[in-house]
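Here is the structure we will look at, set down as structure tokens.
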Amino acid sequence: MTASYRWQQGDKVYHFGSLAELMAKATPERSGDALAGVIAESAEQRVIAQMALADVPLKTFLTEAVIPYESDEITRLIIDSHQLAAFAPISHMTVGDFRNWLLSDAADSQALSALRDGLTPEMVAAVSKIMRNQDLILVAKKCHVVSAFRNTIGLPGRLSTRLQPNHPTDSLDGIAATIFDGLMYGNGDAVIGINPATDNVPQTIKLLAMLEEVIQHYQIPTQSCVLTHVTNTIEAIEQGAAVDLVFQSIGGTQGTNDTFGVNLAVLKEAHEAALSLKRGTVGNNVMYFETGQGTALSADAYFGVDQQTCEARAYAVARQFDPLLVNTVVGFIGPEYLFDGKQIIRAGLEDHFCGKLLGLPMGCDICYTNHAYADQNDMDNLLTLLGVAGCTFIMGIPGSDDIMLNYQTTSFHDALYARKALGLKPAPEFESWLAQMEIFSDVDKVRLNQQLAKPFGASIALLSDK
Amino acid sequence: MTASYRWQQGDKVYHFGSLAELMAKATPERSGDALAGVIAESAEQRVIAQMALADVPLKTFLTEAVIPYESDEITRLIIDSHQLAAFAPISHMTVGDFRNWLLSDAADSQALSALRDGLTPEMVAAVSKIMRNQDLILVAKKCHVVSAFRNTIGLPGRLSTRLQPNHPTDSLDGIAATIFDGLMYGNGDAVIGINPATDNVPQTIKLLAMLEEVIQHYQIPTQSCVLTHVTNTIEAIEQGAAVDLVFQSIGGTQGTNDTFGVNLAVLKEAHEAALSLKRGTVGNNVMYFETGQGTALSADAYFGVDQQTCEARAYAVARQFDPLLVNTVVGFIGPEYLFDGKQIIRAGLEDHFCGKLLGLPMGCDICYTNHAYADQNDMDNLLTLLGVAGCTFIMGIPGSDDIMLNYQTTSFHDALYARKALGLKPAPEFESWLAQMEIFSDVDKVRLNQQLAKPFGASIALLSDK
Amino acid sequence: MSKLVSKPQDESVVTESRWQSLKQFTSARIALGRTGTSIPTGELLDFQLDHARAIDAVHRALDVATLNQQLVASHSLSHVITTPPLLVQSKASDRMVYLQRPDLGRQLSEACWQQLCDARAEYHHQEQRQEQHKGQHQGQQEYDLAIVVADGLSSTAIQKHALPVIERLVEKLSGDDAHTWSLAPITIVTQGRVAVGDDVGECLNAKITLIMIGERPGLTSPDSMGIYLTWAPKRGAKDSSRNCISNIRPEGLPYEEAAHKAHYLLSESMKLQLTGIGLKDRSVGLEEEAQLESDATSSFLIG
Amino acid sequence: MSKLVSKPQDESVVTESRWQSLKQFTSARIALGRTGTSIPTGELLDFQLDHARAIDAVHRALDVATLNQQLVASHSLSHVITTPPLLVQSKASDRMVYLQRPDLGRQLSEACWQQLCDARAEYHHQEQRQEQHKGQHQGQQEYDLAIVVADGLSSTAIQKHALPVIERLVEKLSGDDAHTWSLAPITIVTQGRVAVGDDVGECLNAKITLIMIGERPGLTSPDSMGIYLTWAPKRGAKDSSRNCISNIRPEGLPYEEAAHKAHYLLSESMKLQLTGIGLKDRSVGLEEEAQLESDATSSFLIG
Ligand code: B12
Ligand code: B12
């Protein structure tokens with residue numbers, strides 16, 4: 001029962017076989033969609049598709065699913081959780097009108113919050129396809145999404161960082177050294193989150209214990225996470241481990257999540273398990289999700305849907321579990337999905353916009369691999385653009401180089417650049433802590449202390465003595 | 001008497017034949033340098049050249065000219081006008097140290113101003129080559145350059161616009177219609193500047209008269225300019241035309257300026273002629289220059305010097321005449337010189353940085369042609385980045401489309417986007433005027449009046465009646 | 001179920017510009033309206049479509065055969081220029097090379113350079129015989145003018161506007177009382193830049209080259225033609241030694257006007273024995289004359 | 001005049017990190033120092049050089065001949081796996097295709113698929129004869145394990161680490177008391193992705209595929225190898241049905257450790273008749289055991 005779409009331009013009539021096809025053809029160029037064979041054949045066809053898409057009534061998205069309701073639990077989640085009352089203010093609009101409205105003065109932060117539950121990922125993906133980068137920035141900037149656990153994430157004028165102290169053998173010393181480095185640069189308020197090289201439960205528990213010790217010892221107003229498979233985290237919780245946040249990579253189709261070995265039920269179980277620990281102090285958002293365009297195609301579970309729409313659908317999954325953090329790992333997989341700096345930048349802005357509009361505390365792993373056609377300058381650009389757009393958090397890694405995951409993301413220094421250039425600050429609780437620990441001499445001017453912060457001096461002195 | 005340079009990396013020794021060669025090889029990739037045959041042969045060679053360049057003492061630039069003193073009046077200008085006293089604070093540094101210093105807290109706005117006359121274009125070009133985009137932004141942001149004529153340009157937190165009302169037949173009505181449109185969007189504080197399609201003196205005088213009339217009638221605190229050849233403007237002044245600003249395109253080598261039909265003497269003559277008119281009210285900066293990477297190569301007058309270094313040398317020419325505005329028309333010529341969005345963005349940031357560091361009121365024509373591999377999204381990116389970097393002014397054109405010069409630059413709307421997203425305001429005198437004329441209902445929030453501004457309503461009503 | 005998607009329903013959030021009437025004066029994208037301060041969806045997408053199409057225009061090849069045929073068939077030309085057009089190429093082998101290597105687009109390929117020199121020698125030979133026949137003799141055999149037509153960045157411009165402008169210009173030249181113009185055969189160059197006219201002029205031994213070339217396509221004007229004039233054309237000539245007439249197309253500088261200007265500049269050039277900076281365009285255009293009178297309307301802005 | 005440029009003179013503006021001593025614990029780029037809050041010039045350029053080199057690593061081709069020769073010559077392998085390695089390619093014809101078409105890197109080329117099936121039939125035939133000779137008979141002839149080696153995104157990783165890890169693993173398997181492992185010949189795949197091991201396992205009719213593959217090169221680790229295990233390999237298998245051991249290289253997971261883990265996972269897989277989510281790695285590593293004891297040092301951070 002899928003409809004087909006026609007568009008008349010001059011004396012030519014263009015056909016699109018389905019809503020999914022129309023959306024795919026309307027998507028700005030990217031390698032993943034070319035790989036999937038769903039991309040527009042020419043720049044002209046792309047614009048025609050955008051014109052046709054702009055004229056699709058938003059209501060259509062409630063009756064025409066890009067992946068059938070019957071066969072996909074994410075479609076079911078999207079449709080079943082849609083709130084007609086929230087949708088009311090825009091229910092008469094087309095996608096094109098919706099763009100106009102989003103950019104209008106009527107769409108202020110309050111109006112945008114009120115709208116969240118009335119939006120489906122597909123509506124949001126559709127409108128993003130006809131928006132320029134500046135539109136994506138301007139609207140995202142108006143969306144304020146706040147979450148909290150041991151500090152408050154996402155307040156306007158703030159930019160948080162995940163401290164990512166990965167080590168190829170999970171050496172506790174190596175990880176601790178990196179955590180130290182990061183803290184000295186004021187990173188780590190979103191989370192101190194380790195990707196374990198060795199992905200098992202005992203390892204997870206060991207790493208969690210170490211993080212807990214550090215956070216307790218220095219009374220850092222932040223949370224920890226070991227980015228292992230959700231089922232491992234559930235086991236760890238059962239074994240009494242100190243779990244702050246539950247991590248999981250998620251995708252936008254049931255099939256993708258199948259290959260990730262997860263589903264809504266498992267996520268629910270994990271969510272409840274973490275909530276039961278009641279470890280949050282200022283809030284109780286306990287989930288940390290990662291997403292990224294290309295996973296559905298990589299898992300061969302995209303059903304003709306373009307990768308950006310699949311990505312937006314992943315946000316429906318995330319939204320279901322009130323996450324503290326959602327992170328689009330935008331250039332992580334490689335050029336197979338986002339070919340170069342230009343495509344990575346566009347995707348980063350799209351993901352951030354879609355996530356924010358759907359009400360998620362959206363961060364971005366601003367990154368690239370060595371097999372992609374991108375470099376540090378592209379990342380500087382995206383970092384600055386996302387900073388302007390009000391991105392919730394970014395990664396912080398020593399010198400941009402993840403020595404375990406083998407890719408480059410933003411460095412501890414990069415985060416300070418963004419704060420300085422854009423006048424942004426870390427989470428308020430963390431900000432106070434940085435001042436109190438004498439890591440910064442002036443948080444507003446982003447000036448670090450020339451001296452080694454006193455409370456930490458001891459550890460280093462101790463070490464040098466050995 | 002040119003030196004050659006060596007760099008040892010591991011057990012390999014790399015050679016560079018001259019300072020010009022070293023600088024060219026150290027330049028980030030761009031098509032113009034490839035065309036000129038001066039580009040690095042590999043990514044690795046480029047970094048090696050950057051390493052070697054980072055270790056060149058700044059003093060070297062005072063003794064080794066990239067184009068001989070004897071054969072080029074711009075080299076002579078650079079060397080003869082260099083101020084050793086201003087140079088003193090950094091005279092012991094290498095290029096690499098200089099980058100460090102620029103990014104340090106020591107290099108505040110004051111220190112940077114004091115340094116201007118101690119810098120040569122080549123020093124500035126050299127250091128830019130080893131800076132990432134974020135470095136170029138951060139340092140440019142610290143450089144404050146203020147100029148004035150009928151309003152004050154370049155104050156921190158401000159972004160001005162040139163209203164560019166071009167028309168393919170110079171129709172006065174067509175031009176006036178565009179000026180009106182632009183003013184209604186709060187554009188035009190940097191200058192109302194027409195590129196005449198017909199490039200002769202009577203035409204210039206006619207256009208100038210019309211601009212003068214409009215500015216007088218509405219008491220707009222701004223200046224006018226007809227972007228004709230400088231010799232035409234001199235003639236127009238002689239014939240008593242109302243010349244606010246003298247325009248000229250300039251390049252960074254004497255040979256380039258030869259093909260443009262100008263030299264320092266002609267520019268001096270024009271500068272003096274314009275000064276003699278004493279038309280400025282709040283200041284007396286009367287020159288408007290345009291530059292852009294690629295002109296030297298296009299004129300076949302680059303002498304093995306890379307296009308970015310040639311560009312920086314053009315700023316020495318501009319600096320000599322205390323301009324009100326300098327505009328790098330960054331993607332204007334086409335993909336022959338800057339291939340795609342990435343190269344255009346990088347060049348825009350470099351030019352802005354170099355110009356600001358040398359003390360120029362640097363604006364940017366953020367633009368691309370239809371034969372380049374770039375689009376509106378690239379321009380949105382560059383606009384945002386330059387906005388963060390504190391760019392002095394940008395172009396404003398109806399719907400981004402210059403119907404005479406055949407290229408796309410920033411639209412009236414784009415300027416408002418930048419002001420909104422970054423909290424920037426137009427020149428203070430113009431800001432007051434916009435409020436007073438009821439064009440804006442709220443300048444701070446960048447809200448335009450829903451109603452047609454009263455003083456202008458009459459003209460339109462009149463017209464509709466006809 | 002197939003639906004023809006209809007026009008947007010809710011434009012209430014868009015603030016229309018109240019100065020729509022000004023659109024009569026310019027094809028610039030004025031009075032677009034706004035949503036907040038942004039460009040409304042419809043206008044944005046129109047722009048994108050034009051961009052997609054302008055990109056295509058850059059890559060469209062010149063239909064040399066058709067143009068050649070039209071020139072040969074042109075009644076007004078055939079009795080002034082008797083030799084058929086010369087068809088040559090620059091050193092740029094294809095469009096991608098052309099875009100990335102302007103240096104190659106500025107020179108004739110070796111073969112074509114030779115071709116033109118041979119052609120010149122051949123005509124020279126013929127003419128000498130004619131002249132001997134007529135009893136005349138000139139030492140340095142030169143043409144006054146070589147008209148060159150090159151695709152440049154918009155073959156569409158050339159395809160549409162080259163012929164009508166050449167016809168009008170040649171008419172003016174052949175009716176010129178002040179000077180009897182000797183015209184070289186017309187040369188059509190593919191993948192050519194402005195400076196390729198210098199090669200042609202040098203080979204054909206012409207006093208002046210007048211090259212008509214496709215200007216880079218704009219969004220609103222994918223078919224704009226430029227004319228560049230160079231006195232004493234020679235490989236390596238500088239741009240400062242040329243004059244330019246640009247924006248030739250019905251919505252820009254009309255054909256008649258362009259021919260008028262070209263004729264003016266050519267005549268001045270003959271007098272002054274130069275082109276470029278030293279030769280200022282002091283012609284008063286036909287339309288401009290008209291416009292000077294209508295100045296009143298132009299100042300609608302000042303009431 | 002030629003000068004060997006010397007080290008920077010003035011580093012006074014750079015704030016050195018006081019925790020240089022921590023560098024002993026990790027190869028991560030910690031303690032870089034700062035100028036203002038930015039990365040100092042030297043460190044920035046070092047990074048750029050590493051990046052330029054990592055890009056090269058992606059494009060370096062696997063030297064199949066040498067690897068093949070080493071495998072054949074390996075003393076510890078030769079008496080366990082008697083058949084020489086099989087050399088095959090994926091459907092990705094070259095590196096650019098490989099990068100842009102992961103789908104092609106996941107499948108054997110048609111010809112190589114056939115080649116492996118033929119090889120399998122051939123061995124089957126030989127074995128049957130041997131078995132008949134020995135008087136044994138099995139209905140479904142299967143290997144327990146197919147070891148596959150693929151270049152992946154870093155041929156350097158494979159060139160350096162594949163052989164030593166295979167040697168150690170095969171040693172463990174042949175000394176295994178719990179199970180007698182029947183091993184297929186080793187297969188070397190060029191332009192291969194992880195899933196290409198499924199094709200190999202399916203063709204060779206193996207219970208488990210173990211593929212060693214070059215992980216994408218990092219700045220600091222351009223030579224990291226990964227191992228992926230798949231039970232009942234078949235074209236189209238899901239990643240959730242695999243297990244992974246990653247970061248294998250001397251500075252990451254050491255050879256012995258990797259072989260230990262692989263052996264553990266293989267044994268468990270045999271027991272549970274699956275791989276993937278259902279098979280959790282509960283092995284306690286050799287190094288990890290050591291580390292658990294040295295926990296004191298690890299917490300230098302907390303005094
Ligand atoms: C691109 C361009 C330039 C580029 C040329 C570099 C390049 N490699 O392309 C740059 C930025 C350097 C430039 C500079 C100037 N330009 Co210009 N330029 C253009 C533009 C936008 C497009 C030209 C085009 O498409 N050419 C077709 C391609 C195929 O030619 P090409 O061989 O690749 O490039 C050559 C020509 O573009 C030529 N050229 C470019 N501009 C000019 C100007 C003059 C007077 C001459 C003789 C030649 C010339 O130089 C190039 C290299 O040989 C036109 C506008 C238009 N609609 O055409 C204005 C235009 C031609 N330029 C104009 C002017 C006034 C100038 C300047 C004199 C400005 C100044 N006051 O200094 C300078 C000097 C030019 C010179 N070289 O002597 C005017 C000419 C008006 C007239 N009727 O005489 C135009 C029409 C725009 C305008 N109305 O302002 N220009
Ligand atoms: C790229 C990557 C991904 C991509 C894979 C998509 C793609 N097309 O490449 C994405 C983002 C989807 C991903 C997801 C996950 N990954 Co992963 N991934 C990597 C990474 C960084 C590089 C892999 C590589 O270079 N492969 C080589 C190329 C040539 O292979 P390929 O055929 O092109 O790609 C395949 C493999 O990458 C494989 N794959 C990728 N990750 C994983 C994880 C597991 C457990 C398995 C079995 C397979 C697998 O899937 C791809 C498609 O078939 C490694 C780190 C490293 N240093 O290797 C981690 C790594 C392999 N991933 C890891 C993990 C834990 C996961 C997740 C389980 C995370 C989670 N909690 O949800 C998910 C699920 C993966 C799945 N498909 O089942 C761990 C595995 C730890 C372990 N020893 O088991 C690693 C080592 C990183 C880490 N320490 O956190 N991953």
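We name chains A, B, ... by the order of the sequence lines, and we start the count at 1 in each one.
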Heavy-atom cut-off 4.5 Å, strictly under: side chain, backbone, both or neither for [X] against chain A?
X        : result
D:Arg249 : side chain
D:Ser38  : backbone
D:Leu153 : side chain
D:Ser241 : neither
D:Ile30  : both
D:Arg193 : side chain

Non-hydrogen contacts under 4.5 angstrom with chain A: give the residues of residues 40-50 of chain D involved, or none if there are none.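 At a heavy-atom separation under 4.5 Å, chain A is reached by D:Phe47, D:Gln48.
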When heavy-atom pairs shorter than 4.5 Å are enumerated against chain D, which of A:Gln216, A:Arg447, A:Gln408 gives the highest number?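 The option with the most such pairs is A:Gln408.
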Highest number of heavy-atom pairs under 4.5 Å with chain D: which of A:Gln451, A:Gln450, A:His167, A:His229?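 So the answer, after comparing A:Gln451, A:Gln450, A:His167, A:His229, is A:Gln450.
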Would you call D:Gln159 and D:Asp151 a side-chain contact if the rule is heavy atoms closer than 4.5 Å?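 Answer no - side chains too far apart.
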Do A:Asn263 and A:Asn257 touch side chain to side chain, with heavy atoms closer than 4.5 Å?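 Result no, sub-4.5 Å side-chain heavy-atom pair not found.
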Check this for me, if you would: do D:Arg235 and D:Asp199 make a salt bridge, where the nitrogen-to-carboxylate-oxygen distance has to be below 4.0 angstrom?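 Result for this pair is yes, salt bridge flagged.
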When D:Pro222, D:Ala57, D:Gly218 are compared by non-hydrogen pairs under 4.5 Å with chain A, the top option: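 That would be D:Gly218.
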Selection from D:Val58, D:Asp103, D:Ile245, D:Ile39 maximising heavy-atom pairs under 4.5 Å formed with chain A: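 Heavy-atom pairs under 4.5 Å are most numerous for D:Ile39.
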Quick one: ring-ring contact (aromatic ring centres under 6.0 Å, His included) partners of A:Phe339, sequence neighbours excluded?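 In terms of ring-ring contact (aromatic ring centres under 6.0 Å, His included), with neighbours along the sequence ignored, A:Phe339 is linked to A:Tyr373.
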Classify the ring geometry between A:Tyr218 and A:Phe456 as parallel (under 30°), tilted (30 to 60°) or perpendicular (over 60°).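 Answer is parallel, since the angle falls under 30°.
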Taking D:Ser221 for the side chain and D:Ser224 for the main chain, is one N or O donor matched with an acceptor at less than 3.5 Å?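 Not confirmed, D:Ser221 side chain does not pair with D:Ser224 backbone.
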For D:Ser27, side-chain contact (heavy atoms from CB on, under 4.5 Å) partners two or more places apart: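 A:Ile403, D:Thr220.
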What is the distance from atom CG of D:Leu210 to atom CG of D:Leu265, rounded to the nearest 0.5 Å?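 Those atoms lie 9.0 Å apart.
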What pairs with A:Glu438 under salt bridge (Lys or Arg N to Asp or Glu O under 4.0 Å), at least two apart in sequence or on another chain?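 Result, salt bridge (Lys or Arg N to Asp or Glu O under 4.0 Å) vs A:Glu438: A:Lys454.
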